[in-house]
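Structure first, then comments.
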Amino acid sequence: MLSPRFRFLGSVASLTTRTFSRGPVSLQGKAPDMSEGNAHLLMSNVRNRLREIVGASTNWRDHQQALADRLSLSNQLAGSQDELPVRRMKDSYIEAHLPLGTDPTLREKYLNYLKGVRFGRILEDLDSLAVLICYSHTHNKTLQRSPLSIVTALVDKIDMRKQIIHPDCDIKFTGHVTWVGKTSIEAKMHMSQYHGGAYTPVLDATFVMVARDPENKRAAFVNPLKPEGIEEEKLFHQGEINKTRRIELSTASLLKVAPTAEERKIVHSLFLNTLDSKTVSFRSRVLPPNSVWMEDAKVKGLEICHPQERNIFNRIFGGFLMRKAYELGWANACVYGGCRPNLVAVDDILFRKPVEIGSLLLLSSQVCYTEGKYIQVRVHTEVLDPLTRQHNTTNVFHFTFVTDKDVPNIVPQSYGGMTSKPSPFNSNPNICRI
């Protein structure tokens with residue numbers, strides 16, 4: 001029996017297969033609320049506002065000095081969460097606009113070669129907006145600059161809705177804080193697009209951010225959150241559930257605990273299904289029909305991390321990392337399926353370590369699960385120190401794509417391949433727990 005998560009993904013797949021396939025449309029894509037003269041926040045100004053909040057500079061040389069000046073802000077941090085005023089969800093509410101229909105020049109930045117929207121650019125916008133939402137929650141009117149360094153810890157999930165993303169129609173983002181711990185914040189965002197005379201939903205996203213001190217070395221307290229009304233209570237309760245789920249998944253990792261008896265049976269069954277019946281050796285393996293060895297479903301890439309891609313804290317922008325990982329994962333799914341895939345969901349993007357400017361960033365994408373028309377790709381990124389040759393993992397990404405035809409089955413050859421990642425549509429989800 002398939003999991004509820006897969007049933008949800010399947011319910012939207014028939015429409016999301018067209019998500020990035022359409023070129024310019026005849027219907028007017030200019031939203032009335034984006035007409036000239038209306039005051040609203042543009043996505044292009046979000047990062048400028050973040051620079052103002054932390055006192056960062058747009059100039060590379062001045063930017064380094066500005067960050068050094070932030071060290072003096074440490075004495076403005078709260079000693080405990082009790083010292084900070086309680087916030088409401090509406091205090092952090094933000095609406096930002098992406099005028100793809102109104103501004104043809106901006107459209108070029110988001111247009112892909114298929115005359116659709118570059119979803120990697122959308123990931124960049126979501127990451128910036130999530131940070132701004134959290135700074136709105138922690139805003140202190142008495143301070144000229146925020147002493148907090150708020151960074152992305154996790155993209156919990158992004159679910160695509162039943163809509164096409166048009167390259168020449170205006171887009172609106174909305175979001176606010178939905179849950180708060182002592183030093184962490186959950187922000188939910190929604191993206192809609194103006195098409196056919198109305199806004200229609202495109203995606204829902206849940207990000208988890210963490211607050212650090214001005215040097216980004218230790219955790220810092222954030223304002224508590226007080227839900228108001230039944231709907232807000234539900235959102236806050238869901239945030240508690242999400243936190244518990246993340247803790248349980250981290251403690252159940254096969255890097256920490258041994259497989260259960262049921263999992264050992266599943267792994268052994270996968271192994272036996274690939275043995276050569278003509279031999280009695282465990283070393284002789286046979287690929288089943290209409291299948292591909294997992295080892296043969298990899299695509300890799302390399303990025304040199306230049307200052308242009310820095311964030312407000314002088315490290316590589318998390319949205320840039322997500323864009324590069326998504327595009328590599330998409331390319332892998334395209335090669336594997338033999339046709340253009342379409343994104344269904346993004347799950348469990350982990351930010352383990354910051355990426356410094358000047359790093360050599362190695363990206364490795366791996367098809368880790370398939371079922372019918374669905375392809376799940378895991379992208380692993382690490383930085384390489386060219387002097388010491390040491391590798392350090394920085395991020396892990398998981399993308400689920402759908403194609404317009406059935407794809408070959410992916411078959412692991414090693415223990416690591418059999419335990420690589422839990423698929424949202426795996427009937428045995430506990431088998432993959434790394």
Side-chain angles (χ1 to χ4, degrees), residues 3-6 8-9 81 89 92 123 126-127 130-131 133-134 137 149-159 175-189 203-212 216 218-222 224-225 227 232-260 263 318-319 321-322 325-326 344-354 368-369 376-381 393-400 419-426 428-434:
S3 68
R5 174 73 167 150
F6 176 64
F8 167 77
L9 297 179
Q81 193 175 45
M89 290 189 186
S92 60
L123 289 174
L126 288 171
D127 191 48
V131 176
I133 288 171
C134 294
H137 174 80
S149 300
I150 298 179
V151 295
T152 308
L154 169 72
V155 178
D156 192 51
K157 63 178 179 178
I158 300 176
D159 288 326
H176 60 83
V177 170
T178 53
W179 175 86
V180 167
K182 289 187 179 297
T183 62
S184 58
I185 303 174
E186 179 187 273
K188 287 188 181 294
M189 293 166 289
L203 63 80
D204 301 322
T206 303
F207 280 53
V208 178
M209 324 299 286
V210 292
R212 313 282 290 177
N216 198 14
R218 60 184 180 86
F221 294 106
V222 297
L225 179 66
E232 290 190 3
E233 290 283 358
K234 290 180 179 178
L235 288 174
F236 191 86
H237 179 64
Q238 184 60 50
E240 292 285 356
I241 294 175
N242 292 341
K243 176 188 176 183
T244 302
R245 171 176 52 82
R246 289 191 291 268
I247 293 174
E248 291 175 348
L249 287 176
S250 65
T251 56
S253 169
L254 286 172
L255 296 174
K256 299 179 180 180
V257 296
T260 65
E263 290 169 347
L321 300 175
M322 285 193 283
Y326 167 77
V344 177
V346 180
D347 293 274
D348 300 336
I349 295 181
L350 303 177
F351 289 79
R352 299 183 183 273
K353 290 185 63 177
C368 58
Y369 190 84
Q376 189 171 76
V377 181
R378 179 181 187 268
V379 180
H380 174 269
T381 62
T393 297
T394 59
N395 303 85
V396 181
F397 308 81
H398 300 103
F399 304 101
T400 302
T419 58
S420 60
K421 161 64 184 153
S423 166
F425 42 92
N426 192 342
N428 298 297
N430 291 326
I431 186 57
C432 305
R433 294 193 273 113
I434 288 182

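Heavy-atom basis, side chains included; hydrogens, waters and symmetry copies ignored. Note that this is a predicted model, so its numbers are computed, not measured.
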(request) Please round to the nearest 0.5 Å and tell me the distance separating atom OG1 of Thr178 and atom CE of Met189. (result) 9.5 Å
(request) Provide the closest heavy-atom pair for Cys134 versus Val177 in the form atom of the first, atom of the second, distance. (result) CA-CG2, 4.5 Å
(message) Measuring only between side-chain heavy atoms, which start at C-beta, is Arg352 closer than 4.5 Å to Thr394?
(response) no
(message) Taking the side chain as everything from C-beta on, heavy atoms only, tell me whether Met322 gets closer than 4.5 Å to Phe351.
(response) yes
(request) Kindly compute the distance separating CE (Met209) from OG (Ser149), expressed to the nearest 0.5 Å. (result) 12.0 Å
(message) Assess the residue pair Val222 and Gln81 against the criterion (side chain to side chain contact (heavy atoms under 4.5 Å, CB included)); give the C-alpha distance rounded to whole Å, side-chain angles, the decisive distance to 0.1 Å, and a yes or no.
(response) CA-CA 6 Å; Val222 297; Gln81 193 175 45; 4.3 Å; yes
(message) Could you work out, with side chain to side chain contact (heavy atoms under 4.5 Å, CB included) as the rule, every residue matching Arg246, not counting sequence neighbours?
(response) Leu154, Asp156, Glu186, Val208, Asn242, Lys243
(message) Counting C-beta onward and ignoring hydrogens, is there a side-chain heavy-atom pair between Val155 and Phe397 closer than 4.5 Å?
(response) no
(request) Assess whether side chain to side chain donor-acceptor pair (under 3.5 Å) is satisfied between Lys188 and Thr206, documenting all intermediate values. (result) CA-CA 5 Å; Lys188 287 188 181 294; Thr206 303; 2.9 Å; yes
(request) Verify, without hydrogens or angle tests, whether Thr400 (side chain) and Val344 (backbone) share a donor-acceptor contact under 3.5 angstrom. (result) no
(request) Apply the test side chain to side chain contact (heavy atoms under 4.5 Å, CB included) to residues Val396 and Asp348: give CA-CA distance (whole Å), side-chain angles for both, the deciding distance (0.1 Å), then the verdict. (result) CA-CA 8 Å; Val396 181; Asp348 300 336; over 6 Å; no
(request) State, with a plain yes or no, whether a side-chain heavy atom of Leu126 is found less than 4.5 Å away from one of Ile158. (result) yes
(request) Identify the heavy atoms of Pro224 and Val180 that sit nearest to each other, and give their distance. (result) CA-CG1, 4.4 Å
(request) Any chance you could measure His380, atom NE2, to His398, atom NE2, to the nearest 0.5 Å? (result) 10.0 Å
(message) On a heavy-atom basis, which atom in Trp179 and which in Phe236 lie closest, and how many Å separate them?
(response) CD1-O, 3.5 Å
(request) Determine the minimum heavy-atom distance between Phe399 and Val379, stating which atoms define it. (result) CE1-CG2, 4.0 Å
(message) Is there a side-chain contact between Leu321 and Thr381 in this structure, where contact means two heavy atoms from C-beta onward sitting under 4.5 Å apart?
(response) no
(message) Tell me if a side-chain donor or acceptor on His137 pairs with a main-chain N or O of Ser92 at a distance below 3.5 Å.
(response) no
(message) Quick check: do Lys157 and Val346 have side-chain heavy atoms less than 4.5 Å from each other?
(response) no
(message) Any non-hydrogen side-chain atom of Thr183 less than 4.5 Å from a side-chain atom of Val210?
(response) no
